[in-house]
2 protein chains.
Amino acid sequence: MKDVVSRCPIEETMRVLSGRWPTLLLYYLKDGTKRFSELRRDNPTVSHRILALELRKLEDAGIVRRTAHQGYPLRVDYDLTEPGRRLVPLIDALGAWWVHTQDDRTGGSEANLETAA
Amino acid sequence: MKDVVSRCPIEETMRVLSGRWPTLLLYYLKDGTKRFSELRRDNPTVSHRILALELRKLEDAGIVRRTAHQGYPLRVDYDLTEPGRRLVPLIDALGAWWVHTQDDRTGGSEANLETAA
DNA sequence: TGTAAATTACGCACTATTCTGTAACCACGC
DNA sequence: GCGTGGTTACAGAATAGTGCGTAATTTACA
């Protein structure tokens, strides 16, 4: 459960996307470039340590690109890579699945789809 | 961070699918009905406690249906519900995304798509 | 003019919480 | 006693949060 490299692509993908933060960060980054502090403001419940760790994980996975500008009060930009952008609609589809499923349970006939755009 | 019901459907979906086992179980169940012990054999690295917990989680989420036959040496069947079956192609798409992404890194021009059907 | 404070993006150490695994046990019918 | 599906009790591992420190520079203020 440590360095087991599975050959299963789904397992590999879930290794990166599992947890609360990865998909949320994808969600906030799909609008464009964000700075570290902006991402913290977007989501105040994540600690800075975890945010840094998660961003690094996404960077290692090739989903997010980190751009550090050397300068005075320090400044780092994050944005999605091409693979990262390709991931966005898939994650949106998962959200739509959830909405659809809840809809089946609570409502019934009248669809009240709120498919994330 | 305990019983916080988020309004974000993606977060809700990931709450169920996060971790190693949910997507794997979906994968094994997409072929049809399986018994508890079959799922253990399919995936020997999961402990039976965790398997029971994960199956219950998926059942609560409405993804898996549990059918207990009362009888001699006890027998329980698991299979996917309708929402569960709708989830399968989305998960396959995540796998395909991974394959594609790895392909971009190692290979380059010639696409070697293995989009799971 | 000197000093303190704020800013930004973290790293490190420590703690708290959560997850996962092991082992034992239950019920049942044979 | 065996095998089935499942639960509980406890232990260890993984994950998450808190708070302090750092770098360089600007601002706050007496």
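Numbers restart at 1 for each chain; the letters A, B, ... are given by sequence-line order, proteins then strands. Quick caveat: nothing in here was measured; it's all calculated off a predicted structure. Hydrogens, waters and symmetry mates are skipped; everything else that's a heavy atom, side chains included, is used.
Checked for salt-bridge contact, Asp42(A) and Lys34(A) meet the test: a charged N lies under 4.0 Å from a carboxylate O. Checked for salt-bridge contact, Asp92(A) and Lys30(A) meet the test: a charged N lies under 4.0 Å from a carboxylate O. Under a 4.0 Å N-O distance rule, the pair Arg41(B)/Glu38(B) does not qualify as a salt bridge. In summary, Arg65(B) and Glu59(B) do not engage in a salt bridge, as defined by a charged side-chain N under 4.0 Å from a carboxylate O.
Taking atom P on both nucleotides, dA23(D) is separated from dG2(C) by 23 Å, rounded to a whole Å.
More than 12 heavy atoms of other residues, nucleotides or ligands shown are found within 6.0 angstrom of CZ on Phe36(B). Atom CZ of Arg56(B) has 12 or fewer heavy atoms from other residues, nucleotides or ligands within 6.0 Å.
Taking atom NZ of residue Lys57(B) and atom C1' of nucleotide dC19(C), one finds them 10 Å apart after rounding to whole Å. Arg15(B) has its CZ atom 12 Å from the P atom of dT18(C), to the nearest Å. In this structure, Leu74(A) places its CG atom 10 Å from P of dT8(C), rounding to the nearest Å. Across the protein-nucleic acid pair, His69(A) atom NE2 and dT7(C) atom C1' stand 16 Å apart, rounded to whole Å. Taking atom CD of Glu38(A) as the reference point, atom P of dA9(C) lies 8 Å away to the nearest angstrom. The nearest whole Å value for the distance from the CZ atom in Arg20(A) to the P atom in dT18(C) is 11 Å. Nucleotide dA16(D) holds its C1' atom 15 Å from the CG atom of Leu24(A), rounded to whole Å. Nucleotide dT4(D) holds its P atom 11 Å from the CZ atom of Arg40(B), rounded to whole Å.
Using a 4.0 Å cut-off, no side-chain N or O of Arg75(A) falls inside it from OP1 or OP2 of dA9(C). At least one side-chain nitrogen or oxygen of Ser37(B) sits closer than 4.0 Å to the OP1 or OP2 atom of dG5(D).
In this structure, Glu54(A) reaches the sugar-phosphate backbone alone: every heavy-atom distance under 4.0 Å involves primed, P, OP1 or OP2 atoms, never a base.
Evaluated for a side chain to side chain contact (heavy atoms under 4.5 Å, CB included) with Leu55(A), the options Ile63(A), Ile50(A), Asp60(A), Leu25(A) yield exactly one hit, Leu25(A).
Residue Gly95(A) comes nearest to Ile10(B) through the heavy atom pair CA-CG1, 3.9 Å, listed as atom of the first residue, atom of the second, then distance.
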_As a quick check of understanding, evaluate side-chain contact (heavy atoms from CB on, under 4.5 Å) for Arg35(A) and Tyr78(A), giving each step before the final call._
CA-CA 6 Å; Arg35(A) 298 180 37 199; Tyr78(A) 292 94; over 6 Å; no
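Rotation axes derived from the C1' atoms of the five outermost pairs at either end of the helix from dA9(C)-dT22(D) to dC30(C)-dG1(D) lie 10° apart, to the nearest 10°.
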What does the list of N/O pairs under 3.5 Å between the protein and nucleotides 10-12 of chain C look like, with a distance for each?
unit_1  : atom_1 : unit_2   : atom_2 : d
dC10(C) : OP1    : Arg66(A) : NH1    : 2.3
dC10(C) : OP2    : Tyr78(A) : OH     : 2.3
dG11(C) : OP1    : Arg56(A) : NH2    : 3.4
dG11(C) : O6     : His48(A) : NE2    : 2.7

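Distances were taken from every side-chain heavy atom of Ile50(B) (C-beta onward) to each of dG5(D), dG21(C), dA16(D); the shortest belongs to dG21(C).
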